[in-house]
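Keep in mind that the numbers below use all heavy atoms, side chains included, and drop hydrogens, waters and symmetry copies. The sequence lines fix the lettering, A, B, ..., with proteins before strands; numbering per chain opens at 1.
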Amino acid sequence: MDDAEYDLPFFHQQGFHRRTCVVCGHAFWTLGDHDRCQEAPCREYGFIGSPIFARPYSLHDMRETFLGFFEGRGHTRIRRYPTVARWRNDVFFTQASIYDFQPWVTSGAIPPPANPLTISQPVVRFIDLEEVGRSGRHFTLFEMMAHHAFNRPDHEVYFKNRTTELCHELYVEQLGTDPRSLTYKEEVWEGGGNLGPSLSVGAAGLEVATLVFMEYVRDGERLKPMPLTVVDTGYGLERMVWASHGTKTAYEPVFGEQYEELRRTFPPREAAILIDHARALNFLLTDGVVPSNSKEGYFARLLLRRSLRILSRAPEGPDVHAIFERAGREIARDFPEVGAHRDDLRRVIEAEVERYRESIERARQTIRRAEERARGAGDHITSDQLLEWYDSLGVPPDLAVEELKEPPPIPPDFYALVAARHENEAPANDYAEPRQGLPDVPAGVPATEALYYADPYTVTFEAHVVWTDGPFVVLDRTYFYPTGGGQVHDVGHLGDLAVVDVERHGPYILHRLERPAPFHGGDRVHGRIDAVRRTQLMQHHTATHLMNGTLREVLGPHVWQAGAYKGPEFARIDVTHFRPLSPEELRTINRRVNQLVREDRPVKSYFEPRTEAERRFGFTLYQGGAVPGKDLRIVEIQGFDVEACGGTHCTHTSEVGAIDILEVERIQDGIVRVTYAAGERALEIREQHELILREESKRLGVPVTDLAKGVDRLLAEVESSRKADRERDRSRIERAASELLKSDRVERVGPITLIAAQPENYERSELMNLSRILSQAPGTVVVLATERDDRGTLFVGSTAPGISAVEILKSAQAAFDGKGGGNPASATAVGDTGPALREAFRQAHAAARHLAREPGATAQGPTDS
RNA sequence: GGGCACGUAGAUCAGCGGAAGAUCGCUGCUUUCGCAAAGCAGAGGUCGGGGGUUCAAAUCCCCCCGUGUCCA
């Protein structure tokens, strides 16, 4: 980055000079006479015991001071975004305030909610989890204070100079920092293909702000200026509060009294972890994360289980709910939504605590059994086993060691070894790929006016072609709905040609025709939408909002939409929930959702300024993911459900007709999927089902109401006939056995009873059973041969301990080219038929007779074996 | 999203290429005035589903389905 990037008029006006840090080598600007930048590790902390601000601040005071300062300087205060970044698929959590505006605002696709703006954004970072409680300054969740400006060529708000000036003014004039103690270190920021200069602001060893200027796009080796430049700043609120107190760690002023109290029971590190995790969980659960074994849910589980593990070491201490709720009440003073559904969150935590208990109990059993087995084998549990248990059973190594009589040592680098087990795994997914295969519309083509928002009922219209490319057509205005928001696209006709697909592409709506478009720019075309399909899509979409609201109502406000699909055949919604739905819950949901249909509530769709909509309805608006932009399209089912949504909807709930739940499944831990049909499709499916019921009841000859009984009867019949088959086989074999036992096939050879026979057409398993019956008495050797399906089978069974069935078999196998083997008790080989088989049988018989005469042959073996 | 582990009798699990098992529970009998308990006997299994390898698969391989867990 060019030095000139940092050479700001502000620095010169104020009399800053540029130095180079003797430690890190970075250039920095200062009014003082430092030879190094004022950030650790280049210099040690200097604010402990001597705060750098004029007075101590609480979190609340500092937040208000910051936001007020920027409001006083032309910024609009924006509400926080959820800590779960549902609007992005490259990350789970909001890790910086700028995440709120990526990718739509920062790419220029959608205008920011305000410009410039200021915000306090709680952010979650798991990268430093191990440092929490240890370093005295790390948190899983912290508030990133920020002021942002988005500059377009035609509208410059402010950039580097003003940003730096504002920052300096905040610290010096508002907070009373000695201007000579501040250093502005030159750095380069890079991320997501963009980069730009940044200034890291240090004071007394602390990095008190980062000022990032997103300015360039990397284009190979060259840098291209961005059409939209962005001021991205970050000020750690907890850090600022800490610096205002100058305490030993940041935890005292941030965690306050609760920290003092917990420290009476727990060491400082554990007390800090407990509160830190409780704070983060309060935000995460409020924002709709349900603890689970994958994705964002796992991080919530991790925090909770770490806390439970600590708490289990102090059984007399407070329980997890007490700590969680205490922390929640503290947060609710400034973020009321966090305290709003405490009972519901309590249930979520209870369910998770229960699962943890079960999981630990299971693990304990496994450990005990494994050790018994190992000891039985004269072996012991290895450190490697501890690793395996942690990975596959979730047993913390210290717990495993507690449980073992002879524990192995826990490797000092245990968690590094765990990480090593996972290092060859696929990396996390990236930004969403832009939709493939759509042509780029050249600049200058006017944006498509989307008419379906205002009027979802019109299905025929006139419009002008503004651009075409092969089968793709862009009109000046359209009623065709493009795939989006989980709703599939319309189909229909433009002129005589079928529209097979409709996609949104930037500001354009692309109609894809069945074949290349014969249109030219300026042509007037007649559009006709498949009204039946559109109506069905509208019914499914409105049904989905009804279902979503009902699920929240019945299951609790922890329920958030985690995905949805509205097609012409059926619709489905995935929601966060901590256990499968019970039949009673399902019934309640079914009743309620259809009641709402019958109530014929008005459904209003309208645009509203974002800040206003958020103020009125809160974050549950964003069920389909956060929608940036100044104005939101609101779909409001009167008195029931409000969501930001771009889909086509019925205007009254009765138009949905009816909703039939088709299927409920747990698609993953923490996510429940409900599939249903509405309107005409609900009727169709109901008719299909009824037809099936009627036909099947006719087939079974029972009334529909007795179908279950009929099926039970049928299954019982199947079962008993299978049993009868088995019984018949058994008695046939038993008969054969008793005939054999009476025949001259039985001979006594010394202490051994030898039975050799060649029954006809037996299966291998039948031979085995026959032999089993024949050799019930100990000291019996059985040799059997049979032919079936052009294969000869030779079977030897032995209950004489000294005589090995497999040995006898081996001696005869070659005679009929038999393949097989076995053990001393039983052996089988399959090979040729005819004379070869008879020869093998003869050899086996002879070998058995020979072995029986050997001195080692006994009828009774050692009884203890 | 990926790795690993696990799905065997009503329950908890063993077996991990050669003739499906243990414990508890269940049923019956013995014993008892009755209960508990004990003893004896018995019922209960398409070894999650589907392909494959093999003379032979609960066991090995592949694909599904389900559960648990760890990591991103």
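The pair Glu727(A)-Arg730(A) counts as a salt bridge, with a side-chain nitrogen and a carboxylate oxygen less than 4.0 angstrom apart. Taking 4.0 Å as the cut-off between side-chain N and carboxylate O, Arg732(A) and Glu763(A) do not count as a salt-bridged pair. One finds no salt bridge joining Lys810(A) and Glu807(A) here, because no Lys/Arg side-chain nitrogen approaches an Asp/Glu carboxylate oxygen to under 4.0 Å. For the pair Glu388(A) and Arg421(A), the salt-bridge criterion is met [side-chain N within less than 4.0 Å of a carboxylate O].
One can place CG of Asp669(A) at 13 Å from P of G1(B), the figure rounded to the nearest angstrom. Here A56(B) presents its P atom at 14 Å from CD of Gln813(A), a figure rounded to the nearest Å. Whole-Å rounding puts the Arg764(A) CZ to A57(B) C1' distance at 11 Å. Atom CD in Glu763(A) sits roughly 18 Å away from atom P in A19(B) (whole-Å rounding). Atom-to-atom, CD of Glu766(A) to C1' of A19(B) comes out at 14 Å; the value is rounded to the nearest Å. The distance from atom CE of Met768(A) to atom C1' of A57(B) is 12 Å, rounded to the nearest whole Å. Distance CG (Leu417(A)) to P (C4(B)): 18 Å, rounded to an integer number of Å. Rounded to a whole Å, the CZ atom of Phe92(A) is 6 Å from the C1' atom of A72(B).
No hydrogens or angles considered: a donor-acceptor pair under 3.5 Å links the side chains of Thr753(A) and Arg748(A). Side-chain N/O atoms of Gln121(A) and Thr94(A) include no donor and acceptor closer than 3.5 Å. Looking at His845(A) and Glu747(A), their side chains do bring a donor and an acceptor atom within 3.5 Å of each other. A donor atom on one side chain and an acceptor atom on the other are found under 3.5 Å apart for Glu839(A) and Gln843(A).
Rounded to the nearest Å, the gap between the P atom of A38(B) and that of G52(B) is 50 Å. The gap from the P atom of U59(B) to that of U8(B) amounts to 13 Å, rounded to the nearest Å. A distance of about 7 Å separates the C1' atoms of C61(B) and U53(B), rounded to the whole Å. As rounded to the nearest Å, G48(B) and G7(B) have P atoms that lie 8 Å from one another. Taking atom C1' on both A9(B) and A14(B), the two are 13 Å apart, rounded to the nearest angstrom. Taking the P atom of each, C63(B) and C4(B) are spaced 11 Å apart, rounded to whole Å. For C55(B) and C47(B), the C1' atoms lie 22 Å apart once the distance is rounded to whole Å. Comparing C35(B) with A19(B), their C1' atoms sit 43 Å apart, to the nearest whole Å.
Residues forming a side-chain hydrogen bond (donor to acceptor under 3.5 Å, both in side chains) with Arg357(A) (at least two apart in sequence, or on another chain): Glu354(A).
The environment of CZ in Arg745(A) is sparse: at most 12 heavy-atom neighbours from other residues, nucleotides or ligands sit within 6.0 Å. Atom CZ of Arg791(A) has 12 or fewer neighbouring heavy atoms from other residues, nucleotides or ligands inside a 6.0 Å radius. By the 6.0 Å contact criterion, CG on Asp413(A) is enclosed, its count of non-hydrogen atoms from other residues, nucleotides or ligands being greater than 12. Applying the 6.0 Å contact sphere to CD of Glu358(A) captures more than 12 heavy atoms from other residues, nucleotides or ligands.
Counting non-hydrogen atoms under 4.0 angstrom, Ala829(A) reaches nothing in the nucleic acid. Across all strands shown, Gly394(A) has heavy atoms under 4.0 Å from sugar-phosphate atoms exclusively, and none from any base. Nucleic acid contact class of Val395(A) (heavy atoms, under 4.0 Å, all strands): none. Within 4.0 Å (heavy atoms only), Thr793(A) reaches no atom of the nucleic acid at all.
Within residues 280-297 of chain A, the residues that have a heavy atom under 4.0 Å from RNA chain B are, in order of number, Asn293(A), Ser294(A), Lys295(A). For the contact set between residues 357-370 of chain A and RNA chain B, defined by any heavy atom under 4.0 Å, the members are Ser359(A), Arg362(A), Gln365(A), Arg369(A).
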Close N or O pairs between protein and nucleotides 44-46 of chain B (under 3.5 Å):
none

N/O to N/O distances under 3.5 Å, protein versus nucleotides 64-66 of chain B:
none

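A cation-pi geometry, defined here as NZ or CZ lying under 6.0 Å from the six-membered ring centre and within 45° of its normal, holds between Arg88(A) and Tyr99(A).
For Asp391(A), whose side chain is taken as the heavy atoms from C-beta onward, the closest listed nucleotide among G3(B), A19(B), A5(B) is G3(B). You'll find that the side chain of Ser392(A) is closest to C4(B), out of C4(B), C70(B), G18(B). When distances run from any side-chain atom of Val830(A) to the nucleotides A72(B), C55(B), G68(B), the shortest one goes to C55(B).
The residue from Lys295(A), Arg301(A), Arg579(A) that alone fulfils the salt bridge (Lys or Arg N to Asp or Glu O under 4.0 Å) condition with Asp669(A) is Arg301(A).
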*Could you go step by step and tell me if Glu130(A) and Arg306(A) meet the salt bridge (charged side-chain N to carboxylate O under 4.0 Å, His left out) rule?*
CA-CA 11 Å; Glu130(A) 284 300 310; Arg306(A) 275 168 60 103; 3.3 Å; yes

*Step-by-step ring-ring contact (aromatic ring centres under 6.0 Å, His included) determination, Phe795(A) to Tyr762(A)*: CA-CA 11 Å; Phe795(A) 181 90; Tyr762(A) 266 54; over 10 Å; no

*Verdict with supporting geometry, Asp276(A) and His138(A), side-chain hydrogen bond (donor to acceptor under 3.5 Å, both in side chains)*: CA-CA 9 Å; Asp276(A) 170 86; His138(A) 284 94; over 6 Å; no

*Report the C-alpha separation of Phe126(A) and Phe92(A) in whole Å, then their side-chain angles, then the decisive distance to 0.1 Å, and conclude whether the ring-ring contact (aromatic ring centres under 6.0 Å, His included) test is met.*
CA-CA 11 Å; Phe126(A) 280 87; Phe92(A) 294 131; 9.5 Å; no

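The 5' end of RNA chain B is approached more closely, in terms of each residue's nearest nucleotide, by Arg772(A) than by the other of Arg772(A) and Tyr415(A). The residue among Thr828(A) and Gly821(A) whose nearest nucleotide of RNA chain B lies closer to the 5′ end is Gly821(A).
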_Expected output check: what is the dot-bracket annotation of RNA chain B, where ( ) and [ ] are pairs inside the strand (brackets for crossing ones), | is paired with another strand, and pairs are Watson-Crick or G-U under 3.5 Å?_
((((((((.[[[[.)..(..]]]].(((((.......))))).....[[[[[..)....]]]]]))))))).

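Between Arg355(A) and G68(B) there is a side-chain N or O to OP1 or OP2 distance below 4.0 Å. In this model, the phosphate group of A19(B) is approached by a side-chain N or O of Asn823(A) to a distance below 4.0 Å at OP1 or OP2.
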